[in-house]
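Take a look at the structure below.
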Amino acid sequence: MKKVRRNRAVLCIIVVLAVLMKYSLVALAVETLDGAQKQENVKSLYQEYRSRLEAIKQKQDISDNGFDIQQDQIFPIVFGGYGEVSMIPAFDKNYCRLALFFADEQGAIIYKTDQLESNNRILGQMKQPNSKIAAVSFQDLNQDTLMDIILITYCVNDSGAYAGKTYKIGDVLFQNAQGTAFYRDYRIADKINRFGMNKSSELIAAFVRDGYSTEFMYTSTTLEELLENGLEIIAEQCHFRTFGKLGRLQVVPGTYHIADYDVFMIYLVDEEGFIVSSLQPMGKYDNLYALKGINCRDIDGDGLKDIIVLARYSYEGEEGELLVEPDYAVYYQRTGGFSIDTEIKGTYQCSDEDTMEILVEKARAYWGWETES
């Protein structure tokens, strides 16, 4: 009797698994068909877009084919094989894709390209987050006597973690030896944007032409390596603290000077000199203006020391103006390291009048600590 019951149970399990497998296969097939359909739609849209782009032979064709010319960003450039021409940036009205057109004195388009870094922000999608052009600069970056192009674009995502937040994408176009076309090196563009060297044309030139780079700030494994590459330690804010299971660590704030910018990061270094963690409180800003303080104490009430950073930063506004403002960052100690706060910042913005003591009190109050009247 027990054997029969066992067999029935096994049979029921097999039936259930078969049903689940059937529905899983159906769902997978539907998902595959949806993916194929979306891919086909994107392909069709891209072909339509390319046909409009390729149809542009004269300057007046640009607007006629759905592109919005950026009139305030039209500049002359010496294009080796053609002499002086006009570079005309234009955004596709449907998909916000940026294209560069080069026209001679008669308005004939002698060269055009849309192979730009900002057109590849969202892979597999036609619409890109291009918003406006932030900067254009013409310089000989590879010392071949031909003018190359530095291009910085403002981008704004419609969705995702950075939805609605403006950020910059930097790019470099090198003029070929014949002076008849431009080419890009995706490895250069990747480093420009991955390591925060997209803030200005001067910063990009310092990297591409002069060989300075912030890459070491993100890839170094020891304090010695940081110092060898030029990190300047802010000594008055450098100290040792014990962080629970992470042990005794040295809090090392430092800056690297490149093209009139002081790039700021904080490193947590163990007693053997190895970097345990790195913090990037600068966020969206271009430059450390003044470090007001670093404090290590429990903020969220879990008994572990957290890190709070208060500073003033400068950055370039969308009209090219220099702006300076205070800001802070809170890093919570967790089992495997530190995680940046995303809650308090949404409720409290600091001002120039805030001190570290006031900021700690505000942050603790958010987590329910009693404050002195």
Side-chain angles (χ1 to χ4, degrees), residues 98 100 115-121 128-143 147-157 162 165-175 182-221 225-232 234 253-267 275 278-289 291 311 313-318 320-324 327 329:
L98 176 61
L100 302 180
Q115 299 304 301
L116 305 171
E117 189 69 16
S118 63
N119 287 341
N120 293 287
R121 293 297 86 204
Q128 294 299 314
N130 287 299
S131 172
K132 61 184 290 188
I133 293 175
V136 175
S137 178
F138 304 108
Q139 302 183 40
D140 179 10
L141 297 173
N142 54 4
Q143 308 301 309
M147 287 294 102
D148 307 309
I149 302 173
I150 295 174
L151 177 67
I152 303 176
T153 310
Y154 284 120
C155 292
V156 183
N157 291 1
Y162 294 96
K165 297 179 181 179
T166 302
Y167 59 95
K168 290 179 177 179
I169 293 296
D171 209 352
V172 173
L173 291 85
F174 297 99
Q175 192 170 161
F182 287 90
Y183 65 93
R184 297 172 59 249
D185 186 329
Y186 73 91
R187 296 167 298 182
I188 290 176
D190 174 67
K191 289 191 176 185
I192 286 172
N193 294 294
R194 185 147 52 100
F195 301 119
M197 295 183 287
N198 53 17
K199 309 299 184 184
S200 72
S201 56
E202 291 80 13
L203 205 161
I204 292 175
F207 167 57
V208 179
R209 183 191 62 213
D210 304 326
Y212 297 102
S213 175
T214 59
E215 182 175 355
F216 80 94
M217 301 184 76
Y218 302 86
T219 59
S220 294
T221 58
E225 192 176 348
L226 289 172
L227 296 175
E228 287 175 351
N229 282 280
L231 186 79
E232 295 288 336
I234 303 174
T255 61
Y256 177 64
H257 190 75
I258 176 172
D260 294 328
Y261 293 92
D262 285 320
V263 182
F264 172 52
M265 288 181 64
I266 299 172
Y267 301 90
I275 299 169
S278 60
L279 314 177
Q280 303 171 35
M282 267 184 62
K284 65 178 182 179
Y285 300 103
D286 297 346
N287 174 70
L288 175 66
Y289 192 82
L291 177 59
Y313 303 100
S314 62
Y315 63 101
E316 183 182 78
E318 292 195 18
E321 72 278 22
L322 179 66
L323 301 173
V324 179
D327 204 352

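Contact of the Ser131 side chain with the Thr166 side chain is not registered, since no non-hydrogen atoms from C-beta on lie closer than 4.5 Å. No side-chain heavy atom of Phe216 sits under 4.5 Å from any side-chain heavy atom of Glu225.
Put simply, CG on Leu288 and OG1 on Thr255 are 7.0 Å apart, with the number rounded to the nearest 0.5 Å. The distance from atom CG of Asp148 to atom CZ of Phe182, rounded to the nearest 0.5 Å, is 7.5 Å. We find the OG-CG distance between Ser213 and Asn229 to be 9.0 Å, quoted to the nearest 0.5 Å. Note that CG of Asp140 and CE of Met147 are 5.0 Å apart. Values are rounded to the nearest 0.5 Å. In this structure, the separation between CG on Leu203 and CG on Asn287 is 10.0 Å, given to the nearest 0.5 Å. For the atom pair CG (Leu173) and CD1 (Ile149), the distance works out to 5.5 Å, reported to the nearest 0.5 Å.
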Check your understanding: So Ile169 and Arg121, side-chain contact (heavy atoms from CB on, under 4.5 Å) or not? Walk me through it.
Key -> CA-CA 9 Å; Ile169 293 296; Arg121 293 297 86 204; 3.6 Å; yes

Practice item. Step by step, work out the side chain to side chain donor-acceptor pair (under 3.5 Å) result for Tyr167 and Asn157. Key: CA-CA 9 Å; Tyr167 59 95; Asn157 291 1; 2.7 Å; yes

Exercise for review: Take Tyr315 and Lys199, measure what side-chain contact (heavy atoms from CB on, under 4.5 Å) needs, and give me the verdict at the end.
Suggested key: CA-CA 9 Å; Tyr315 63 101; Lys199 309 299 184 184; over 6 Å; no

Practice item. Show your working on side-chain contact (heavy atoms from CB on, under 4.5 Å) between Tyr285 and Phe264 and close with a plain yes or no. Key: CA-CA 10 Å; Tyr285 300 103; Phe264 172 52; over 6 Å; no

Practice item. List the steps, then state whether side-chain contact (heavy atoms from CB on, under 4.5 Å) holds for Glu215 with Lys191. Key: CA-CA 8 Å; Glu215 182 175 355; Lys191 289 191 176 185; 3.1 Å; yes

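The shortest heavy-atom contact between Gln280 and Met265 is CG-CE, 3.7 Å. When all heavy atoms are compared, the tightest approach of Asn198 to Gly170 is CB-N, 3.7 Å. Minimum interatomic distance between Ser118 and Thr153 (heavy atoms only, all atoms of both residues): OG-OG1, 3.8 Å. Counting all heavy atoms, side chain and backbone alike, Ile150 lies closest to Val172 at CG1-CG2, 4.5 Å. Of all the heavy atoms in Leu227 and Leu231, the pair that sits closest is CD2-O, 3.7 Å. A pairwise comparison of heavy atoms in Ser314 and Leu322 identifies CB-CD1, 3.9 Å as the closest pair.
Atom OH of Tyr186 has 12 or fewer neighbouring heavy atoms from other residues, nucleotides or ligands inside a 6.0 Å radius. Around atom CD of Glu228, more than 12 heavy atoms belonging to other residues, nucleotides or ligands sit under 6.0 Å away. Within a 6.0 Å sphere centred on CG of Asn142, heavy atoms belonging to other residues, nucleotides or ligands number more than 12. For NZ of Lys168, the number of neighbouring non-hydrogen atoms (other residues, nucleotides, ligands) closer than 6.0 Å is greater than 12.
When atom types are taken as modelled, the side chain of Asn119 and the backbone of Leu98 share a donor-acceptor pair closer than 3.5 angstrom. Remark: the backbone N or O of Tyr154 is not paired with any side-chain donor or acceptor of Lys132 at under 3.5 angstrom. Side-chain N or O atoms of Asp185 include one that pairs as donor or acceptor with a backbone N or O of Arg187 at under 3.5 Å. Side chain of Asp171 to main chain of Leu116: no donor-acceptor pair is present (N/O by atom type, distance under 3.5 Å, no hydrogens or angles). Here the side chain of Asp286 pairs a donor or acceptor atom with the backbone of Glu316 at under 3.5 angstrom.
Taking the six-membered ring where tryptophan is involved, the planes of Tyr218 and Phe195 are tilted, since the angle between them lies from 30° to 60°.
Side-chain contact annotation: Ser200 with Tyr261, donor-acceptor N/O pair under 3.5 Å present.
Between Glu117 and Arg184 a salt bridge is recorded (basic side-chain N to carboxylate O distance below 4.0 Å).
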